[in-house]
J.: 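Encoded as structure tokens, here's the structure I'll be asking about.
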Amino acid sequence: MTLSDTQAAPAHPRDEPVPKIVTARHPLRWLSGAGVLVLLAMVASALVTNPAWEWDVVGVYLFAPSVLRSVLLTLELTALAIVLGFALGTVLALMRLSPNRLLSAVAWAYVWLFRSVPLILQLLFWYNLALLYPRLSFGVPFGPAFFDIGTMDLISPLTAAALGLALHQAAYAAEIVRGGLLSVDPGQRLASAALGIPPWRRLFKVILPQAMRTIVPHAGNEIIGMVKGTSVVYIMALPELFYQVQVIYNRNGRVMALLLVAAIWYLVLTTALSVGQHYIERYYGRGRAWPPWWS
Amino acid sequence: MTVDGDLLGYRRAGDRLHELREREVLRQRTKIGFVFQSFNLFPHLTVRQNLSEAPRSAQRRPRAEVDVVVARLLDRVGLADKADAYPHTLSGGQQQRVAIARALALEPKVVLFDEPTSALDPELVGEVLEVMKDLAVSGTTMIVVTHEIGFAREVADTVVFMDAGRIVEQGPPSQVLDAPEHERTRAFISKVL
């Protein structure tokens with residue numbers, strides 16, 4: 001039989017009825033589904049019926065002004081640490097890829113140092129900077145100072161926390177941005193150089209937008225990690241979300257309810273960020289065929 | 001190496017060659033178009049943006065003027081209807097025609113082609129060669145690295161046959177391609193024709 005024969009002939013002769021398709025049954029799928037539903041129902045009932053969770057207390061504190069203020073501080077710290085961290089991280093990534101060996105070595109050393117020392121230790125270090133350098137002066141290097149200022153006045157606990165988180169974040173951001181830059185096809189750099197496009201324009205208009213495709217998923221991880229990571233600054237007695245709920249439950253003893261309040265807020269914040277990440281990825285995915293549902 | 005009497009990459013002062021500064025090098029690059037084997041279009045920019053980027057940022061020409069040039073070039077390579085498409089939606093031959101238009105947008109003195117058809121389906125080679133023939137006829141100076149011997153015979157003024165980075169022989173196509181002097185050239189021609 002040739003190809004044209006198969007196309008020309010009907011699939012079934014007229015007089016024979018077309019057989020009906022009966023889909024296969026999957027009893028095990030139904031059984032496992034039912035099992036999971038029962039387990040979920042048990043979890044839900046354990047959460048709802050156990051009075052120890054004190055849902056009424058959760059309701060009272062979820063939107064308490066002090067809790068809302070602490071959520072705001074957590075957001076503020078996250079934003080500062082991520083924006084400053086990625087700005088410095090981008091500079092470090094460019095230094096690391098620079099043909100200047102000294103710049104490259106300095107960037108490597110920075111990443112090595114800030115990735116190696118535990119965050120909590122770095123935070124305490126910045127918090128106590130005044131012990132090392134009571135006064136900071138600004139002026140010509142090794143020359144006269146234009147003005148100087150007490151370290152305690154310049155670096156408040158909030159500044160110390162933001163600074164500590166940002167400098168630590170920069171080390172990770174540097175590697176993420178560097179990975180993104182390396183993932184762009186070298187032909188893109190060649191083409192833009194051959195067209196005589198100036199170096200900065202080449203970086204910001206051609207290379208970085210393409211690197212963002214690789215950077216955004218990793219950056220999303222880091223930002224969500226940072227929302228939760230800000231909770232370590234409780235050691236500096238900053239009233240961010242985690243510190244604030246501790247203060248409240250130390251006063252009223254409703255430990256589980258208040259931990260639940262914090263957990264709910266962290267969930268809300270990270271969910272919002274995950275949704276945002278989806279749209280940012282879609283934006284930087286423009287002009288690409290994959291994945292197919294984008295275009 | 002010079003283009004229009006302009007020494008590339010260096011400035012001569014007596015018996016010294018001074019390396020040029022970045023800005024000068026970029027200015028010289030705008031006078032030389034380059035078409036890549038693998039196209040290297042900017043995937044995140046539309047066809048129109050691919051063409052207008054360099055004239056705007058490297059030559060600082062006004063937007064209105066560039067828009068006119070871009071429209072004319074796209075029309076010339078037969079892709080006027082694809083101005084707002086992204087490169088990945090185009091076939092290989094169409095992408096390479098966009099790349100040629102992009103190189104021409106700078107109005108270069110010479111256009112270099114690095115095996116412009118070797119990444120294409122045999123079916124699509126023709127449309128790219130057609131555009132290049134049109135350029136050659138209109139008087140654009142082109143240096144083309146190619147294995148398309150038929151194309152070279154038809155369009156080239158001078159053919160240079162190279163092997164392992166060295167020139168084996170050069171001259172008009174009637175001489176190099178039809179009556180080669182060297183054994184190496186003869187061996188190659190006999191295989192590709």
Side-chain angles (χ1 to χ4, degrees), chain A residues 90 94-95 97-100 103 176-177 179-219 277-295, chain B residues 8 20-61 84-90 95-96 98-114 119:
Chain A
T90 306
L94 293 174
M95 283 170 68
L97 295 171
S98 146
N100 184 331
L103 288 187
I176 291 173
V177 173
L181 293 174
L182 290 177
S183 75
V184 177
D185 176 10
Q188 294 292 312
R189 206 181 59 77
L190 282 182
S192 46
L195 287 166
I197 299 170
W200 283 105
R201 178 95 179 157
R202 221 180 287 166
L203 177 65
F204 285 105
K205 181 80 187 188
V206 178
I207 307 296
L208 262 182
Q210 296 186 58
M212 287 305 276
R213 263 170 29 93
T214 321
I215 292 174
V216 171
H218 296 291
Q277 180 184 347
H278 170 78
Y279 286 101
I280 293 173
E281 280 184 17
R282 198 164 69 166
Y283 172 76
Y284 282 110
R286 71 195 192 279
R288 299 282 178 162
W290 187 91
W293 59 83
W294 283 353
S295 49
Chain B
L8 293 183
L20 287 183
R21 267 184 290 226
E22 176 99 22
R23 181 194 293 259
E24 273 299 296
V25 173
L26 290 177
R27 194 186 56 79
Q28 289 188 337
R29 283 190 188 145
T30 61
K31 306 207 164 155
I32 304 170
F34 200 109
V35 176
F36 294 84
Q37 182 174 5
S38 50
F39 325 143
N40 289 339
L41 294 177
F42 304 132
H44 60 301
L45 301 180
T46 63
V47 167
R48 189 199 306 279
Q49 290 167 331
N50 262 280
L51 261 66
S52 53
E53 173 57 30
R56 296 277 297 133
S57 70
Q59 294 179 321
R60 309 207 154 277
R61 281 149 69 186
D84 295 310
Y86 282 103
H88 81 90
T89 61
L90 306 180
Q95 289 191 38
Q96 191 60 299
V98 171
I100 292 172
R102 181 175 71 171
L104 294 175
L106 290 165
E107 288 163 9
K109 297 201 153 69
V110 52
V111 185
L112 312 181
F113 292 81
D114 178 15

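Chain naming here is simple, since letters A, B, ... match the order of the sequence lines and numbering starts at 1 in each. What you see below is based on every heavy atom in this structure, not just the backbone, and it leaves out hydrogens, waters and symmetry mates. Just so we're clear, the structure is a prediction, and the values are computed from it rather than from any experiment.
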J.: For the backbone of L41(B) and the side chain of Q188(A), can you confirm whether one donor and one acceptor N or O come within less than 3.5 Å of each other?
T.: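 Yes, Q188(A) side chain to L41(B) backbone: donor-acceptor pair under 3.5 Å.
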J.: Using a 4.5 angstrom heavy-atom cutoff, name the option from P199(A), A194(A), P209(A) with the most pairs to chain B.
T.: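 Result: the option with the highest number of such pairs is A194(A).
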J.: Answer with side chain, backbone, both or neither: which region of S57(B) has an atom nearer than 4.5 Å to a non-hydrogen atom of chain A?
T.: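 Contact with chain A: backbone and side chain both.
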J.: Which of the residues R102(B), R56(B), R23(B) is involved in the greatest number of heavy-atom pairs with chain A at under 4.5 angstrom?
T.: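 It is R102(B).
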J.: Heavy-atom pairs under 4.5 Å with chain A: which of A103(B), P55(B), P43(B) has the most?
T.: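 Greatest number of close heavy-atom pairs with chain A: P43(B).
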J.: Sort P87(B) into side chain, backbone, both or neither according to what part of it lies under 4.5 angstrom from a heavy atom of chain A.
T.: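 No part of it gets close to chain A.
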J.: To the nearest 0.5 Å, what is the distance between CZ on R286(A) and CG on L45(B)?
T.: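 Rounded to the nearest 0.5 Å, the CZ-CG separation comes out at 7.0 Å.
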J.: Measure from the side-chain N and O atoms of H44(B) to the backbone N and O of K205(A), and report whether any donor-acceptor pair falls under 3.5 Å.
T.: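 Side chain of H44(B) to backbone of K205(A), a donor-acceptor pair under 3.5 Å: yes, one is there.
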J.: Can you tell me which portion of Q59(B) sits under 4.5 Å from chain A's heavy atoms? Options are side chain, backbone, both or neither.
T.: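 The answer is neither part of Q59(B).
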J.: Under 4.5 Å heavy-atom distance to chain B, tell me which part of R202(A) shows up: side chain, backbone, both or neither.
T.: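 Just its side chain gets close to chain B.
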J.: Do other residues, nucleotides or ligands put more than 12 heavy atoms under 6.0 Å from R27(B) CZ?
T.: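 Count over threshold, so yes.
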J.: Is the shortest side-chain heavy-atom distance between T30(B) and L195(A) below 4.5 Å?
T.: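 Not in contact.
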J.: Which heavy atom of G196(A) sits nearest to which heavy atom of A58(B), and what is that distance?
T.: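 Closest approach of G196(A) to A58(B): O-CB, 3.1 Å.
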J.: Might you point out which heavy atoms bring L26(B) and I197(A) nearest each other, and give the distance in Å?
T.: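 Nearest pair, atom of L26(B) first, then I197(A): CD2-O, 3.9 Å.
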J.: Which atoms of F42(B) come close to chain A, meaning under 4.5 Å heavy atom to heavy atom: side chain ones, backbone ones, both, or neither?
T.: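 Contact with chain A: backbone and side chain both.
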